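Predicted model, so just to flag it, every value in this text is computed and none were measured.
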Amino acid sequence: KIMKFAALALAAAASARTAFAQSTQSCLGEFSHTYEGDCSITDIKSALSVLIAGNAACSDVDTELSLLLGLADPAADVDAAVVDLCAQAFREQAAEFFPFSNITMNGDTFDREFLNGGTFWNQEYEAAGENMLSADAYHVPLVHDMSFSNGIGWPTNPAISSVDSCTQGAAMCCYVSDRQKDDEGGDCATDECYFAEPEDNTDICYVDMANSPASARVANGIAVFDKVDVATDAEGSAFCHGFAWDANDDTAVSSRYKGNLLMSVAFKENTYDKGYVQNVPGAPMCGCVEKMPVVSNAGCTDLAAVESWTLSSDGLASLSISFASVDITYGDCGGVDLADKVLDLGAASDIRQHIVGTDNCPSVIDNFLGTQGLKRSTLEISLVAGHPRREKVYVSFNKEVADSAADVNNFSIENLDILSAELDPNNKATVILTTSLQTLETEYTVTVEGLIQKRIAPMVTATIGSTATFFPAKFGFEDTVGESADYTLVYELDIPDNVNWKSDPPEYIVDQTDFVYFSRIAYYMELESELYGHEYVWVSMPAFTQDVTKIGVPTFASGAIFQETLPDANVFTNQPDIAAAGSLIGVEANLEFWPNNYGTTNRVNVPGADNGVYDFGDDRSGGGDHGSMQVHVASAGSTLFAINDWNRGRRPSMGIGNQPSGHPDWTFNNNAASYTTKKLFVLVVAENGVPSMAPSAPPSPGLTIPQGAAATVPDSEGYKLVYDLTIPNNARYEITGV
């Protein structure tokens, strides 16, 4: 009985073991199955579905997969186990890829220098059947043919720095030369092409050499390629071409086969097929896009890979997967730009900082230079002024221009003929055009048609097609200065060639002194001469006196002495040396009005004045009779107008703007006779209800003391205001008067 019981127990145990084994093993037993698709949970399940179809012993796919993976717990993470399984498969696959170093078979140093734009592959040129790139690189097409069915590894040596540790999910090659004739691109057409031009598919914006110091051979530096002349870009023709991969997924097809793309783009498609060679100076020829030049556009190559994988099991709780084969085809990214391809892959990328788009180089360069503390030099029209004779136009630029700018073919004016062009002898930033007769009240447009270069930097040019408008000028201020409509004319003076205003006061054509209180004073000076052409300047400022007899020429008889700085001055002029755009608004004006002698010492400390010359910081003497009527803008370093030396019966000195040589304020020039027109106008803004305070008339009964005083001091009722003085922080009344 005991033996019978033991036998039964053994039989039961064996039956239990068999049942347990059956419950922990897949129904598929030992198998090997190759499927077409990816190493992914979806494609593996699809392959297993084919195997268990019609097998009554099999459970559902998820259960069988769990058993094959040795996961007894149905709740176990099957997806995670498959990811781990595929990760191992991918590592094993990559280990079998064709090594990158076998493309050239010349070693890592050669590969590094080739990608940087060096080695004899880049530097030689074909001559008499020698130095043939097709012979030197004969094995490149062999590797390319092999790449349709094999993966190619990515460079593993960090010394090949241009393609090491890419961060943007893209790499690119940019070529500037073509060394091979009779091929698929470029303009090399002879046996001895010495670096001909490649096809042009991009604009090179700039290179920041800090991004690729090993390639640039310097730690830092910049190169800008944005100067544009009449016909071509600064860099000549350049060709950029790259590829992208999924930077967020190392297992994506585009990531695993990016070595194939590097081989195809850097070696086969461009260098071998087209003969494109040499790098943009300061950058690699081929590299991670963030190490390359910033460019406008780049061509794109991508690939599609149809893979086969083999699933197998030894019949126990083990599943393995191994790479079987691949069929690769190369494409052109559907015709989109490389930057668009990177964005299509969905990776968070700064690609638009590296491939910036058509016509965006200028703004991108300006932004970059700003980060380096630099500003682009520009040449553009700053002011166009007509002439009252209606047969001249003054075209002023923001910088001095080359002599060649004075060419009638460099300009056009709609509805006018340009008869001649000359450079202003006193202002090399201005071209004077002589035209057919201009029609008053007609707006004309000046267009730049030819090459106009900056004088000291001829690579800087005015933009072809840039325009500016003007109206024919008139003598006088009414049609020249818009704000003059608010002003009333007080004095108009034709300045004689010789004067002695000490004994014979100025003979004003208009002498209107009986008018209401004025809040602002304006001076308009207009000159014309063969040497300087037609000139005018208007300056308006807060009233510095209420004595109307003191706002004209500051003669001894007037008693006018003013040396002060006034805020809120407005300037309008046709002289670009005073105001490049024709106006200065809200600036400080410096007055030097007196009938006496003066010296160069800047005793009142006007900022920027020079103690060695007569300018806007002179020192009035208590004696003498030279005379000064000058208005300046010290912040611009400029005289606005000056009339000097009028008390001695000889020719006054005068001018608008700074004198080109000698003393800036025209002292001792004695040039009055050189002007055919020399007029001075004095105007004010009249305020109604407040009469003039000219001493020649008794105080008006309508003027009362300020309201604040009346409210504070009741006894002030009935009193009339005689003087009103704003006391400055610093004063020299013995020099300036009150």
Side-chain donor-acceptor pair present, Tyr598, Thr667, cut-off under 3.5 Å: yes
For the pair Phe641 and Tyr523, name the ring-plane relationship: parallel under 30°, tilted 30 to 60°, perpendicular over 60°. tilted
Distance col, row Thr430:OG1 vs Leu383:CG, nearest 0.5 angstrom, shows 8.0 Å
So with a 6.0 Å cut-off around CD of Glu530, is the heavy-atom count from everything else above 12? no
Heavy-atom closest contact (Ser377 atom, Val460 atom, distance): O-CG1, 3.5 Å
Are a donor atom and an acceptor atom from the side chains of Asp645 and Asn670 found within less than 3.5 Å of each other? yes
Where do Tyr491 and Val553 land on the side-chain contact (heavy atoms from CB on, under 4.5 Å) test, with the steps shown first? CA-CA 10 Å; Tyr491 300 115; Val553 177; over 6 Å; no
Using the side-chain contact (heavy atoms from CB on, under 4.5 Å) rule, take Thr480 and Tyr524 through it: C-alpha gap first, then chi angles, then the decisive distance, then the call. CA-CA 10 Å; Thr480 305; Tyr524 181 81; 4.0 Å; yes
Exam field: side chain Asn644 to backbone Ser628, donor-acceptor pair closer than 3.5 Å: no
Short question: side chain of Asp424, backbone of Tyr394 - any donor-acceptor pair under 3.5 Å? no
Are side-chain heavy atoms of Arg648 and His626 found at a separation under 4.5 Å? yes
Any side-chain heavy atom of Lys392 within less than 4.5 Å of one from Ile432? yes
Would you say the side-chain atoms of Glu449 and Ser412 include a donor-acceptor pair closer than 3.5 Å? yes
Measuring only between side-chain heavy atoms, which start at C-beta, is Phe471 closer than 4.5 Å to Glu441? no
Tyr487 vs Phe477, ring pair (Phe, Tyr, Trp, His ring centres under 6.0 Å): CA-CA, chis, key distance, verdict: CA-CA 11 Å; Tyr487 285 74; Phe477 54 83; 9.0 Å; no
Residue pair His387 / Glu528, side-chain donor-acceptor N/O under 3.5 Å: yes
pair Ser635-Glu588: side-chain heavy atoms closer than 4.5 Å: no
Would a distance-only check, ignoring hydrogens and angles, find a side-chain to backbone donor-acceptor pair under 3.5 Å from Asn570 to Ser540? no
More than 12 heavy atoms of other residues, nucleotides or ligands under 6.0 Å from CD of Glu478: yes or no? yes
Is Leu374 close to Ile222 at the side-chain level, that is, under 4.5 Å between some pair of heavy atoms? yes
Distance-only side-chain donor-acceptor flag, Asn611 / Thr600, under 3.5 Å: no
To the closest 0.5 Å, what do you measure between CE (Met654) and CD1 (Ile495)? 4.0 Å
Check: Ser296 main-chain N/O paired with Asp203 side-chain donor or acceptor under 3.5 Å: no
Give me the atom names and distance for the closest heavy-atom approach of Pro472 to Arg390. CB-CG, 4.1 Å
Looking at CE of Met525 and OG1 of Thr677, how far apart are the two atoms once the value is rounded to the nearest 0.5 Å? 11.5 Å
If you look at every heavy atom in Lys502 and Asp625, which pair is closest and at what distance? NZ-OD2, 3.2 Å
Please list all pairs meeting salt bridge (Lys or Arg N to Asp or Glu O under 4.0 Å) that have one or both residues in residues 568-587, counting only residues at least two apart or in different chains. Arg520-Asp568
Whether over 12 other heavy atoms sit under 6.0 Å from Glu507 CD: no
Run the numbers on Asp403 and Arg455 for salt bridge (Lys or Arg N to Asp or Glu O under 4.0 Å), then give the verdict. CA-CA 8 Å; Asp403 292 344; Arg455 192 171 194 84; 2.9 Å; yes
Less than 6.0 angstrom separating the ring centers of Trp666 and Tyr675, yes or no? no
Classify the ring geometry between Trp646 and Trp501 as parallel (under 30°), tilted (30 to 60°) or perpendicular (over 60°). tilted
Please round to the nearest 0.5 Å and tell me the distance separating atom CG of Asn671 and atom CG of Asp497. 10.5 Å
More than 12 heavy atoms of other residues, nucleotides or ligands under 6.0 Å from CD1 of Ile585: is that the case? yes
Given the rule in the salt bridge (Lys or Arg N to Asp or Glu O under 4.0 Å) test, do Lys474 and Glu526 qualify, once you have shown the distances and angles that lead to the verdict? CA-CA 11 Å; Lys474 297 180 181 178; Glu526 187 169 30; over 6 Å; no
Report, as yes or no, whether the 6.0 Å neighbourhood of atom CG on Asn367 holds more than 12 heavy atoms from other residues, nucleotides or ligands. yes
Working to the nearest 0.5 angstrom, can you tell me the gap between Leu640 CG and Asn658 CG? 9.0 Å
Just by distance, with hydrogens left out, do Thr488 and Gln512 show a side-chain donor and acceptor under 3.5 Å apart? no
Indicate the ring-plane relationship of Phe411 and Phe397, choosing parallel, tilted or perpendicular according to the 30° and 60° boundaries. tilted
So, the side chain of Asn574 versus the backbone of Tyr536: is there a donor-acceptor pair under 3.5 Å, distance only? yes
Separation of Ile452 CD1 from Ile381 CD1 (nearest 0.5 Å): 7.0 Å
Looking at Lys399, I'd like to know if its NZ atom is crowded, meaning that more than 12 non-hydrogen atoms belonging to other residues, nucleotides or ligands lie closer than 6.0 Å. no
